[in-house]
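Reviewing the structure listed below.
Just follow the structure's listing: the first ligand is 1, and inside any ligand the first atom is 1. Hydrogens, waters and symmetry mates are skipped; everything else that's a heavy atom, side chains included, is used.
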Amino acid sequence: MSEQKPVESWLTDMDGVLVREERAIPGAAEFITALQTSGRRFLVLTNNSIYTPRDLRARLLAGGIDVPELAIWTSAMATAQFLDDQRPGGTAYVIGEAGLTTALHEVGYVLTDRAPDYVVLGETRTYSFEAITKAIRLIADGARFLATNPDPTGPSTEGPLPATGSVAALITRATGVAPYFVGKPNPLMMRSALNRIEAHSETTVMIGDRMDTDIISGLEAGLRSVLVLSGSTGEHEVDRFPYRPTRIVESIADVVPLVTALS
Ligand SMILES: O=C(CO)COP(=O)(O)O
Ligand SMILES: [Mg+2]
C-alpha cells in the first residue's frame with residue numbers, strides 16, 4: 001500500500017471477500033478478529049440486500065466470522081434511507097427478501113401493488129415470473145423504478161449466480177425504463193457508510209472482489225482499495241479496466257497482516 005496516512009478505518013465487501021454464499025473464505029474470521037483487536041473502525045458494506053443485519057450476523061457467525069450487527073450496512077438499508085430522505089411515508093412494490101422489506105417497513109413505507117410510488121427490485125434467490133410481470137406493468141403505469149444493486153452476478157462455490165443487475169436488465173428491456181441503483185458504486189452508498197463509522201476517505205481502505213462496484217467505489221471516493229481474487233474477478237480481467245486498485249491480493253487472508261502493518 002502506497003505510503004500515505006495511517007489507515008484508521010476499513011470498509012469490506014462481503015460476497016466474494018468474506019464468504020461465497022454461506023461458505024466462509026479462509027482468513028475471513030482472522031481478518032475481522034484483527035480489525036477488532038486493532039481497535040480500527042470497520043464496516044461490512046454489501047450490495048446483498050437479501051438479509052437483515054441480524055440475519056446476516058447469524059449467517060456470518062455460522063462460518064466463524066464474528067461481525068456485530070452495527071458493523072453491517074447493506075444496499076437494502078441504503079435504499080430504505082434513500083427513500084425515507086426522498087419521499088417519507090411513501091409506498092413501494094417490492095421484489096426481494098426480508099432484508100429489503102424489513103428495511104422499508106422500518107422507515108415507515110407501505111408495501112403495496114396498488115399504484116405504488118416506487119417499484120423496488122432487490123436480491124432474491126426466488127425471482128417469480130408473476131412478480132416481475134407485476135413490476136413491469138406498474139412501471140409502465142408510472143411507478144418509479146429503483147434497484148438495490150447493479151451486480152449482474154454474485155459468486156458461489158459452484159459458479160456465478162444471476163443477481164439484481166441482470167433481473168433489472170430484463171425489466172428495463174420490457175419497459176424501456178432503467179432503474180436508479182442505490183448500492184455500490186453509487187456514491188450515496190459509500191458516503192452513508194463513511195458517515196456511519198465517522199471515517200475519512202484518505203484514512204480508509206475499501207476491500208472488494210468486483211472492479212465495477214467495490215474498487216471503483218473506493219477510487220471515486222478517494223479511498224485506497226484492495227482487490228481480492230477470491231470472488232468475481234480474475235487477475236487477467238483487471239487490465240481490461242481503465243483504473244486499478246491500490247493493491248491486488250489472492251484473498252482476505254493476505255490482508256490480515258496489513259491490518260496491523262498499516263494501522
Ligand atoms: O450480493 C451481491 C450480488 O449477488 C454482491 O454482494 P457484495 O456487495 O457483498 O459482494
Ligand atoms: Mg463482492
Inset, instruction - Among all protein heavy atoms, pick out the one at the shortest distance from atom 5 (C) of ligand 1; state its residue, atom name and that distance to 0.1 Å. - result: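 Nearest neighbour among protein heavy atoms for atom 5 (C) of ligand 1, to 0.1 Å: D151 OD2, 3.6 Å.
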
Please name the atom of [X], limited to N, O or S, that comes nearest to the Mg ion (ligand 2).
X: D13; value: OD2
X: D15; value: O
X: D209; value: OD1

Determine, for [X] against [Y], whether the closest basic-nitrogen to carboxylate-oxygen distance falls under 4.0 angstrom.
X: R244; Y: D239; value: yes
X: K5; Y: E202; value: yes
X: K184; Y: D13; value: yes
X: R20; Y: E22; value: no

Inset, instruction - Please determine if the Mg ion (ligand 2) has an N/O/S atom from D214 lying under 2.8 Å away. - result: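 Under 2.8 Å: D214 has no N, O or S contact with the Mg ion (ligand 2).
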
I need the atoms of ligand 1 closer than 4.0 Å to a non-hydrogen atom of [X], numbered in the order shown.
X: E123; answer: 1 (O), 3 (C), 4 (O)
X: T46; answer: 6 (O), 7 (P), 8 (O), 9 (O)
X: D13; answer: 7 (P), 8 (O), 9 (O), 10 (O)
X: N48; answer: 1 (O), 6 (O)

Inset, instruction - Report yes if some heavy atom in the side chain of L170 is under 4.5 Å from a heavy atom in the side chain of I132; otherwise report no. - result: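 Side-chain contact under 4.5 Å: yes.
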
Legend entry - Minimum side-chain heavy-atom gap P185-P150 below 4.5 Å: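 Contact flag for P185/P150 side chains = yes.
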
Can you find an N/O atom of [X] closer than 3.5 Å to an N/O atom of ligand 1?
X: M14; answer: yes
X: N47; answer: yes
X: K184; answer: yes

Legend entry - Matching residue for T91 among T112, D117, D113 - test: side-chain hydrogen bond (donor to acceptor under 3.5 Å, both in side chains):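 In the set T112, D117, D113, the residue that makes a side-chain hydrogen bond (donor to acceptor under 3.5 Å, both in side chains) with T91 is D117.
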
Legend entry - T124 and E97 side chains, donor-acceptor separation under 3.5 Å: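 On atom types as modelled, these side chains qualify, holding a pair under 3.5 Å.
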
Inset, instruction - Ignoring hydrogens and angles, state whether a donor on the side chain of N186 or Y180 is under 3.5 Å from an acceptor on the partner side chain. - result: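 Result is yes, a qualifying pair exists.
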
Inset, instruction - Have a look at T213, V44, D15, T164 and point out the one with the heavy atom closest to atom 1 (O) of ligand 1. - result: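 The residue whose heavy atom sits nearest atom 1 (O) of ligand 1 is D15.
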
